[in-house]
Student: 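Input: one structure, supplied below.
Note that the structure is a prediction, hence the values are computed from the model and not measured. Residue numbers begin at 1 in each chain, while the letters A, B, ... track the order of the sequences.
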Number of protein chains: 2
Amino acid sequence: MNTKLNTEAFLNDFSISCSCVQKKYFTKNQVITTYIQKRNQICILLSGEADLVRYDLNGGRSIIEHFVPNSIFGECFYNVTVNNELSVEAKRNCEVLIFSYDNIFKKCKESCKFHNTLSENLLKMLTNKVIDLNTRIEVVTQRTTREKILGYLSILSTKNNSKNVTIPFSLTDFADFLSVDRSAMMREIKNLKDEGIISKEGNKFTFLQ
Amino acid sequence: MNTKLNTEAFLNDFSISCSCVQKKYFTKNQVITTYIQKRNQICILLSGEADLVRYDLNGGRSIIEHFVPNSIFGECFYNVTVNNELSVEAKRNCEVLIFSYDNIFKKCKESCKFHNTLSENLLKMLTNKVIDLNTRIEVVTQRTTREKILGYLSILSTKNNSKNVTIPFSLTDFADFLSVDRSAMMREIKNLKDEGIISKEGNKFTFLQ
DNA sequence: ATATTTCAGTTGCAAATACAACGAACTAGC
DNA sequence: GCTAGTTCGTTGTATTTGCAACTGAAATAT
């Protein structure tokens, strides 16, 4: 898997030839979309970085997913419930393609190149999303804060084939991503440093030995 | 979403006309597949019930996913690492279709009906899987054992549109699914009962008002 | 029919984690 | 360069959770 997506060509075709898609721009901290009501919306992040964030009723905050270019998201992948509020927040300036799930199967009159390759590309994007979500579950199902931290860092380390990993979060957001209290996470990072397992400078971590 | 899949017809076509797929049968407690080595395998559960289970190095056990008919799984959706062992275990007798990810795009000579509808069906199956995984993340990212229990039960309750929910697990497995200690879970269930929030009989829970 | 294993339900205790709070360091805007 | 708002790093304390252990009930195997 991890098939390289030829999204640039694919998506340019889309925006040129197909009327059922919108390309939108968002600035840092803007809300790209919310998962409050069902509308079968699909979004594809073309550039930038964004997080799917949940605010609990008691003010707690969790980062559910972290999106990078080629990530696919939208409330159509979610069971929308009233229990909590989900929104996708731009972490930097973002370009986003937005269309409806129904458009996937409705081929447009001109039978544009986009629609011809859409299914295959979507399949690959969705497969990658499933892999990402499974990786996410791998981390948050770890029982202890220590295992969550090490689990996430070692996945990054394997991915980049390097003992050095830079988390794409502030430490505050990292705690929200791991679903743990920030001070508890900091304490555990301190323990890992004291035990000589990792070192840390800002949000760059290094596995020692 | 939640489009009803016409999988019976779809999958019968597959098994009749296409040589690139295998249909296999498993009895209760048999291992259907493992996620130890990369081989781009896709499985579709036709009947029965199965769990994706992780055994940690220190003997801990987590139920990562719970599969029902039409669930799609396989190591092709997973970043296989050496850190832990993942396997899919049949909870009852199971019928499973097994084929390779690569076969999706290689149309067979006869251009069987299966290959004609495969992409669309896979898209729907994958979309459903993404929804399932997001639901899973919704539960395990809850911060406390109480919120995990209530979160899972209320999702089931909403889904079935009933105050009564029956979990598809033993209580021991339920704890592994929520990624919490069994005794801690039992204690919290007791608290919820004492506080009059839920009642419980076996693995059937009821929300009280 | 009986033995063996698994599961449910508890509990005491130790360990991990959340909560609250604070000052220092850093960032962004004016 | 100053100010306001975040983020980082830390700590004391209360609460939650995990661990270990055990009993009786239920399920499964012999």
Side-chain angles (χ1 to χ4, degrees), chain A residues 27-30 51 53 56-63 89-93 139-151 166-195 198-205, chain B residues 27-30 51 53 56-63 89-93 139-151 166-195 198-205:
Chain A
T27 57
K28 184 175 176 181
N29 292 327
Q30 267 194 304
D51 288 332
V53 179
D56 301 330
L57 300 175
N58 46 339
R61 179 175 179 274
S62 296
I63 294 179
E89 300 174 357
K91 288 287 129 193
R92 337 167 149 268
N93 293 348
V139 172
V140 290
T141 53
Q142 297 298 324
R143 301 299 176 95
T144 62
T145 301
R146 167 179 289 237
E147 284 170 335
K148 286 179 190 178
I149 295 167
L150 290 177
T166 303
I167 59 172
F169 299 112
S170 69
L171 290 169
T172 303
D173 283 358
F174 190 34
D176 288 344
F177 181 75
L178 299 181
S179 274
V180 296
D181 180 74
R182 187 182 62 87
S183 70
M185 182 192 77
M186 295 298 281
R187 184 152 22 206
E188 203 53 43
I189 289 174
K190 191 169 178 300
N191 291 342
L192 288 168
K193 286 199 293 187
D194 291 350
E195 293 171 34
I198 59 169
S199 68
K200 168 181 173 300
E201 221 181 292
N203 53 0
K204 180 180 167 186
F205 295 76
Chain B
T27 56
K28 186 176 175 179
N29 292 328
Q30 268 195 304
D51 288 331
V53 179
D56 301 331
L57 300 175
N58 45 339
R61 179 175 179 274
S62 297
I63 295 179
E89 300 174 358
K91 288 286 129 193
R92 336 165 150 269
N93 293 349
V139 172
V140 290
T141 53
Q142 296 297 324
R143 301 297 176 94
T144 63
T145 300
R146 167 180 290 239
E147 283 170 336
K148 286 180 190 178
I149 297 168
L150 289 177
T166 303
I167 59 172
F169 299 112
S170 69
L171 289 169
T172 302
D173 283 358
F174 190 35
D176 288 344
F177 181 76
L178 299 181
S179 272
V180 295
D181 179 75
R182 187 182 63 86
S183 69
M185 183 193 75
M186 296 297 284
R187 182 153 32 201
E188 203 53 43
I189 288 174
K190 191 169 179 300
N191 291 342
L192 288 167
K193 286 199 293 187
D194 291 351
E195 294 171 34
I198 59 169
S199 67
K200 169 182 173 300
E201 221 181 291
N203 54 1
K204 179 179 168 186
F205 295 77

Student: Tell me which one of M185(A), E147(A), E188(A) satisfies side-chain contact (heavy atoms from CB on, under 4.5 Å) with L178(A).
Tutor: M185(A)
Student: Taking only heavy atoms on the protein side, list every residue of residues 186-195 of chain B lying under 4.0 Å from any atom of DNA chain D, sorted numerically.
Tutor: R187(B), E188(B)
Student: With a 4.5 Å cut-off on side-chain heavy atoms, are F169(B) and D176(B) touching?
Tutor: no
Student: I need the minimum non-hydrogen distance between K28(B) and K91(B), along with the two atoms involved.
Tutor: CG-O, 3.3 Å
Student: Find the distance I149(B):CD1 to dG9(C):P and express it as a whole number of Å.
Tutor: 13 Å
Student: Please confirm whether the shortest side-chain N or O distance from T145(B) to OP1 or OP2 of dT17(D) is below 4.0 Å.
Tutor: yes
Student: For G202(A), does its backbone N or O pair with a side-chain atom of K200(A) as donor and acceptor, under 3.5 Å?
Tutor: yes
Student: Round to the nearest Å and state the distance from R61(A) atom CZ to dT7(D) atom C1'.
Tutor: 12 Å
Student: Could you state the CG-C1' distance from D173(B) to dA27(D), rounded to the nearest angstrom?
Tutor: 15 Å
Student: Start with the C-alpha gap between D56(B) and R61(B), add the side-chain angles, then the distance that decides, and say whether side-chain contact (heavy atoms from CB on, under 4.5 Å) holds.
Tutor: CA-CA 6 Å; D56(B) 301 331; R61(B) 179 175 179 274; over 6 Å; no
Student: Would you kindly give the CD-to-C1' distance between Q142(B) and dT16(D), to the nearest whole Å?
Tutor: 16 Å
Student: Sub-3.5 Å donor-acceptor pair from the side chain of D51(A) to the main-chain atoms of V53(A), do we have one?
Tutor: no
Student: Counting the atoms with a prime plus P, OP1 and OP2 as sugar-phosphate, which does R182(A) contact under 4.0 Å by heavy atoms, base, sugar-phosphate, or nothing?
Tutor: base
Student: Within this structure, what is the NZ-to-P distance between K204(A) and dC8(D), rounded to whole angstrom?
Tutor: 17 Å
Student: With sequence neighbours left out, what residues match T172(A) under side chain to side chain donor-acceptor pair (under 3.5 Å)?
Tutor: none
Student: Output the single nucleotide from dA21(C), dC7(C), dG18(D) whose closest atom is nearest the side chain of A184(B).
Tutor: dG18(D)
Student: Would you say K200(A) places a side-chain N or O within less than 4.0 Å of OP1 or OP2 belonging to dC8(D)?
Tutor: no
Student: What is the distance, to the nearest angstrom, from the NZ atom on K28(B) to the C1' atom on dA29(D)?
Tutor: 13 Å
Student: In whole angstrom, what separates E147(A)'s CD from dG18(D)'s C1'?
Tutor: 12 Å
Student: Assign each of D181(B) and G202(A) to its nearest nucleotide of DNA chain D by heavy atoms, then name whichever residue's nucleotide is nearer the 5' end.
Tutor: G202(A)
Student: Taking atom P of dT16(D) as reference, at what distance in whole Å does atom NZ of K148(B) sit?
Tutor: 15 Å
Student: Is any side-chain N or O of S183(A) closer than 4.0 Å to OP1 or OP2 of dT11(D)?
Tutor: no
